[in-house]
Amino acid sequence: MSETSTPSNFIRTLIDGHLADGRYDHVHTRFPPEPNGYLHIGHAKSILLNYGLAQAYGGQFNLRFDDTNPLKEEQEFIDAITADVKWLGGDWEDRLFYASDYFEQLYQWAIQLIKEGKAYVDDLTAEEIRQYRGTLTEPGQNSPYRDRSIEENLDLFERMKQGEFPDGSRVLRAKIDMAAPNMNFRDPVLYRILHAEHPRTGNEWCIYPMYDWAHGQSDSIEGITHSICTLEFEDHRPLYEWFIENLGIYAPQQIEFARLAITYTVMSKRKLRRLVEEGYVNGWDDPRMPTIRGLRRRGYTPETMRNFAETIGVSKANSIVDIELLEHVLRDDLNRRAPRAMGVLRPLKLTITNYPSDAIEEFEVPTHPQDKENDEMRVVPFSREIYIEQDDFMEEPPGKYYRLAPGREVRLLGTYYITCDEVLKDEAGNVLEVRCSYDPESRGGTTPDGRKVKGTIHWVSAAHALDAEVRVYDRLFTQPNPDNVADDEDFTVNLNPNSLEVLTHCKLEPNLETAQVGDSFQFMRQGYFVKDQDSTDGRPVFNLTVGLRDTWAKMQPK
RNA sequence: UGGGGUGUCGCCAAGCGGUAAGGCAGCGGACUUUGAAUCCGCCAUUCCCAGGUUCGAAUCCUGGCACCCCAGCCA
């Protein structure tokens, strides 16, 4: 499925047009994150879109950190983001840039604007600026400092840069139109005074450019042809074009698309931060988080991410993707790559009464039974006492249940047919053990008489089982749209209290002993699991990546 | 009551004047040593609504309606 060509989208259509009419003769994109947090799957969509476009058109892709606010940005995030983009497969080659690389140029351009009477230093307080800005329906008023002389502006701006003034005392603003219907044109702030240490420029600067002043010009400097961003920047585009035009510099084309939203999750940095800081999850890389690190630890692969990005497409319509689509792409990827193994999550002891107590048989079973091209086999030990899944036995089975039950015969995956003869229970009626007899004739899973069994269940030899902890994850929220809450509540009321269930003493087939952290397996009939970094020598830990589709569960009344 | 956007199947999403792609979900069925996977079939006489132009409109025009974004010295 990954070999089919990428479906068209409005961005490709626009680019094709630009290439056809000669506006650009190549494609150069970029991903411009602010290093103030960790990347999530929404960023992945953007990264893959930008990088994918560069690839598709034989162009280039830059990674640029828009580090214009030293109050919020940290080197830790620069490192994390860099690693995440790399993991996704985004390749910026030698083009790793920072908006801070352009601080001097941006400063010179600001002076250029001042000299042309298009920018001025404003002494109004932040609160006053807000009041002077007007509202959505009323025009703003000019600042009393708007008509300072060019000389005075130049002098004041220079002194702002020299550190003569305290934070917040003055700003540099573009002189455009306080009555503009587009709020972005009401004399936007270009520079603010911030005596703060910057992760990259240290204390070299105490005035920092606003994002709007830095972003478009950074793209221009880098020769970006298509500046792809999200919808909320749509009405900033005219401002960026105003800057570019008044500075007389190269003009990229900005194109906006709808950001990603997925059901049963939240995507804003602010909310993700709350989940971490308020302890609803165990860190940014908690496998329940939609962060790249979380998804990676959960068992997602870069290929899954690419297929997902391609499957959802890109458009300008606000939309919320059904998480089942993500899960489908995930399973599709893992089904093809994950070796099979047997693991019993909730063990029920089963004794095969007519099987010799000291015998151990080794069965060869296929590791990729779904793949005709791959006939790799592995060996699993079999003995008299085994564990089966509690769900695979019912004392009083409902109709259509065709796993083990008193008097019923089922196949133990890859080995023998067994029939349940006896159920051992405690005083409370809990099933402690089931006792069965096997048919030696059924070795390998078929019998000479050709009789069929409806159920096939997985198992693990008790004496050989690898004891493990398995973390069973569910959706983080119980509502498709966690933000849909009453006025006096917030999204945390929709948190799923059962999003994590820790199972200990799960019984895994011994082959899993050699699994490495990050290795994925399909525990047959259950789902895909990945070995977690919390594993220790004696105690492996596996995370549930996603369960197999379960049509049996679906047909059960709730 | 300002400006900028968006409205095609339950959810994504192609379509760009020639008579509604595809995926997910769902529903049937086949197959099955994973109730998985795979395979087959079904699933929008209709494109937010109303007019208009045209031989012909989801696509063009006009007028509505709904939803999203903008009033940080955040990005």
Side-chain angles (χ1 to χ4, degrees), chain A residues 1 4 7-10 13 32-34 36 66 68-69 71-73 122 124-126 129-131 133-140 167-173 179-186 189-194 208 210-212 214-215 229-238 256 258 263 269 310-329 331-332 335-336 340 342 365-366 369-371 400-403 411-415 417 444-446 452-458 480 522-527 547-555:
Chain A
M1 76 175 272
T4 55
S8 183
N9 60 52
F10 78 101
T13 303
E34 179 191 18
N36 70 341
D66 273 338
T68 55
N69 187 350
L71 263 23
K72 296 186 174 176
E73 298 150 8
D122 197 345
L124 252 27
T125 64
I129 285 180
R130 191 174 66 73
Q131 287 164 357
R133 187 151 30 224
T135 69
L136 296 177
T137 52
E138 307 160 51
D167 289 4
S169 59
R170 282 177 233 263
V171 292
L172 182 72
R173 292 228 258 171
N182 181 341
M183 300 295 282
N184 295 125
F185 278 94
R186 321 254 262 221
V189 172
L190 267 28
Y191 276 92
R192 68 300 210 179
I193 300 172
L194 248 32
Y208 288 93
M210 294 291 290
Y211 173 86
D212 277 353
H215 189 75
C229 63
T230 43
L231 256 26
E232 68 269 28
F233 293 105
E234 206 144 19
D235 48 16
H236 291 238
R237 185 177 60 212
E256 310 83 10
T263 55
K269 276 184 188 173
E310 191 166 298
T311 303
I312 58 177
V314 48
S315 76
K316 299 189 69 157
N318 268 316
S319 59
I320 302 176
V321 175
D322 194 330
I323 196 166
E324 297 213 50
L325 180 51
L326 210 210
E327 293 175 342
H328 163 77
V329 173
R331 290 190 187 101
D332 182 65
N335 176 47
R336 281 180 280 116
R340 310 288 120 126
M342 289 192 286
V365 294
Q370 86 296 356
D371 184 353
K400 292 278 173 60
Y401 181 88
Y402 45 83
R403 276 111 93 152
R411 173 166 42 227
L412 289 176
L413 204 76
T415 56
Y417 285 7
T446 53
K452 303 284 189 193
V453 286
K454 283 183 119 171
T456 299
I457 64 177
H458 59 278
Q522 184 200 90
F523 288 180
M524 295 184 82
R525 303 206 309 127
Q526 309 211 83
L548 254 25
R549 280 190 54 141
D550 190 348
T551 52
W552 164 248
K554 242 171 242 177
M555 54 196 274

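Proteins get letters first, then strands, A, B, ... in listed order; numbering begins at 1 in each. The analysis underlying the following values was restricted to heavy atoms, covering all of them including side chains, and did not include hydrogens, waters or symmetry mates.
A distance-only check finds a donor-acceptor pair linking the side chain of A:R186 to the backbone of A:R133 [under 3.5 Å]. In this structure a side-chain-to-backbone donor-acceptor pair under 3.5 Å is present from A:N182 to A:D235. Without hydrogens or angle criteria, A:R411 side chain to A:G445 main chain gives a donor-acceptor distance under 3.5 Å.
Across all strands shown, A:K400 has heavy atoms under 4.0 Å from base atoms, whether or not it also approaches the sugar-phosphate. Using a 4.0 Å heavy-atom criterion, one finds that A:T446 contacts the bases of the nucleic acid, with or without backbone contacts as well. Contacts of A:Y402 with the nucleic acid, taken as non-hydrogen atoms under 4.0 Å apart, include base atoms. At the heavy-atom level, A:P369 lies under 4.0 Å from base atoms of the strands shown. Across all strands, A:T68 comes closer than 4.0 Å only to sugar-phosphate atoms, never to a base (heavy-atom distances). Residue A:V453 is classed as having no contact, given no heavy-atom separation below 4.0 Å to the nucleic acid. Nucleic acid contact for A:R170: none, since no nucleic acid atom lies under 4.0 Å from a heavy atom of the residue. Among the protein residues, A:Y401 comes within range of the nucleic acid bases, having at least one heavy atom under 4.0 Å from a base atom. A:K452 comes within 4.0 angstrom of no nucleic acid atom, judged by non-hydrogen atoms across all strands. Residue contacts for A:L124: at a heavy-atom cut-off of 4.0 Å it reaches a base atom on one of the strands shown. Residue A:F233 is in base contact, counting any heavy-atom pair closer than 4.0 Å across all strands shown. At a threshold of 4.0 angstrom between heavy atoms, the contacts of A:A126 include nucleobase atoms, whether or not backbone atoms are also involved. Residue contacts shown for A:N9 are limited to sugar-phosphate atoms, with no base heavy atom under 4.0 Å away. The residue A:L194 sits apart from the nucleic acid: no heavy atom pair falls under 4.0 Å.
Applying the side-chain contact (heavy atoms from CB on, under 4.5 Å) test between A:E324 and each of A:L326, A:D322, A:V321 identifies A:D322 as the sole match.
Annotation for A:A553 and A:D550: closest pair N-OD1, 2.9 Å, computed over non-hydrogen atoms.
Between the CZ atom of A:F185 and the C1' atom of B:G4 there is a distance of 12 Å, rounded to whole Å. Taking atom CD of residue A:E256 and atom P of nucleotide B:C69, one finds them 16 Å apart after rounding to whole Å. At whole-Å resolution of the value, CD1 in A:I193 and P in B:C73 are 14 Å apart. As rounded to whole Å, 9 Å separates atom P of B:A75 from atom CG of A:N36. Put simply, CG on A:L325 is 15 Å from C1' on B:G26, counting in whole angstrom units.
Nucleotide B:U32 forms no Watson-Crick or G-U wobble pair with any nucleotide shown, as no partner meets the under 3.5 Å limit on both distances. For B:G63, the paired base is B:C49 (Watson-Crick or G-U wobble, both distances below 3.5 Å).
Residue A:T263 places no side-chain N or O under 4.0 Å from the OP1 or OP2 atom of B:C11.
Comparing the P positions of B:U6 and B:G41 gives a spacing of 37 Å, expressed to the nearest Å. Spacing of C1' atoms, B:A58 relative to B:A21, comes out at 14 Å, to the nearest Å. Between the C1' atoms of B:G5 and B:U19, the separation comes to 30 Å (whole Å).
When each of A:Y191 and A:I320 is assigned the nucleotide of RNA chain B with its nearest heavy atom, A:I320 is the one assigned upstream, toward the 5' end.
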Dump the pairs, protein N or O against N or O of nucleotides 70-72 of chain B, anything under 3.5 Å, distances to one decimal.
unit_1: B:A71; atom_1: O2'; unit_2: A:R133; atom_2: NE; d: 3.4
unit_1: B:G72; atom_1: OP2; unit_2: A:R133; atom_2: NH2; d: 3.2

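For A:E256, the salt bridge (charged side-chain N to carboxylate O under 4.0 Å, His left out) partners at least two apart in sequence or on another chain are A:R237, A:K316. With sequence neighbours excluded, the residues forming a salt bridge (charged side-chain N to carboxylate O under 4.0 Å, His left out) with A:E232 are A:R259, listed by chain and number.
Of the candidate nucleotides B:G15, B:C73, B:A75, B:A75 has the atom nearest to the side chain of A:E73.
Between the side chain of A:Q522 and the base of B:U34 there is at least one donor-acceptor pair of N/O atoms closer than 3.5 Å. Within 3.5 Å, no donor on the side chain of A:R549 pairs with an acceptor on the base of B:G35, nor the reverse.
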